[in-house]
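Inspection log for the structure reproduced underneath, given as structure tokens.
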Amino acid sequence: FSVLAFIGTYCLILAYDRSKMPDRVKKRGQKTEGTVIEIRRNPGPLFSSQEGEGYAPVVEFETPWGNHRHFSIYYQTPSPYQVGQKLQVGYYFYKSIREVLLDGEENQPTSHVLYIWGICLCLLGYPFVFIKLLDLF
């Protein structure tokens, strides 16, 4: 169970980093215009054959290093995007970091889910870590 504490801590660190991504892209990133080339349907929950609700855009934009294709994971119903639509794209590329922010995607849902999972796993795992530490003394 102590492994759950470390996994929960990692989820919390990752959630914090993901929540700061929009600010990082706005401060350090570049802006350009992108084109919606495809609208993807939500594949549904993991390990399920059911289709989920919502649609997300696939946006292609040009950077100094060539064309880049961004697959958004921000699913919405109905989709506010249409194929061929032009929109503003903020991006921050540094070494292996590839962060992209479309207009209207400041509140990323992944950070909320990671916070919830991180808190739950920490609540399950840290009591066992503390018990093990008390047994050492």
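Nothing fancy with the numbering, it's 1 onward along the sequence.
- Taking the six-membered ring where tryptophan is involved, the planes of Trp65 and Tyr91 are perpendicular, since the angle between them exceeds 60° and thus also 30°.
- Here the CG atom belonging to Leu101 is positioned 11.5 Å from the CD atom belonging to Gln88, to the nearest 0.5 angstrom.
- Here the closest heavy-atom approach between residue Val36 and residue Pro57 is recorded as CG1-CB, 4.1 Å.
- Here the rule is side-chain contact (heavy atoms from CB on, under 4.5 Å) with Met21, and of Asp17, Val25, Asp23 only Val25 fits it.
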request  = Take Gln30 and Thr63, measure what side-chain contact (heavy atoms from CB on, under 4.5 Å) needs, and give me the verdict at the end.
outcome  = CA-CA 9 Å; Gln30 305 291 321; Thr63 69; over 6 Å; no

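- One distance of note links OG of Ser19 with OH of Tyr115; it measures 3.5 Å at 0.5 Å rounding.
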request  = Begin from the C-alpha positions of Phe93 and Val100 and carry the test side-chain contact (heavy atoms from CB on, under 4.5 Å) through to its verdict.
outcome  = CA-CA 8 Å; Phe93 293 175; Val100 178; 4.1 Å; yes

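- Nearest approach of Tyr55 to Ser79, heavy atoms of both residues: CB-CB, 3.8 Å.
- The side-chain hydrogen bond (donor to acceptor under 3.5 Å, both in side chains) test with Glu99 singles out one residue from His70, Arg18, Arg28, Arg24, and that residue is Arg24.
- Tyr16 is connected to Leu12 through a chain of hydrophobic side-chain contacts under 4.5 Å among Ile, Leu, Val, Met, Phe, Trp and Tyr, so both are in one cluster.
- Between Tyr126 and Val129, the closest side-chain pair of non-hydrogen atoms falls below 4.5 Å.
- The number of heavy-atom neighbours closer than 6.0 Å to OH of Tyr10, taken from other residues, nucleotides and ligands shown, is 12 or below.
- Checking Thr35, Asp103, Leu102 one by one against Val89, the side-chain contact (heavy atoms from CB on, under 4.5 Å) holds for a single residue, Leu102.
- Residues Cys11 and Gly118 come closest through the heavy atom pair CB-CA, 3.7 Å.
- Remark: Leu124 CG to Ser2 OG distance equals 12.0 Å, nearest 0.5 Å.
- The minimum heavy-atom distance between Ala5 and Cys122, with the atom names listed, is O-SG, 4.0 Å.
- Hydrophobic clustering places Leu121 together with Phe128 (ILVMFWY residues linked when any side-chain heavy atoms are closer than 4.5 Å, directly or through intermediates).
- No path of Ile, Leu, Val, Met, Phe, Trp and Tyr side chains, each step under 4.5 Å between heavy atoms, connects Leu4 with Phe130, placing them in separate hydrophobic clusters.
- A single hydrophobic cluster is not seen to contain both Val58 and Phe61; linkage of ILVMFWY side chains at heavy-atom distances under 4.5 Å, directly or through other members, places them apart.
- Nearest heavy atom pair, residue Gln85 against residue Tyr81, reads OE1-CA, 3.1 Å.
- Looking at every heavy atom in both residues, Val83 comes nearest to Glu38 through CG2-CA, 4.2 Å.
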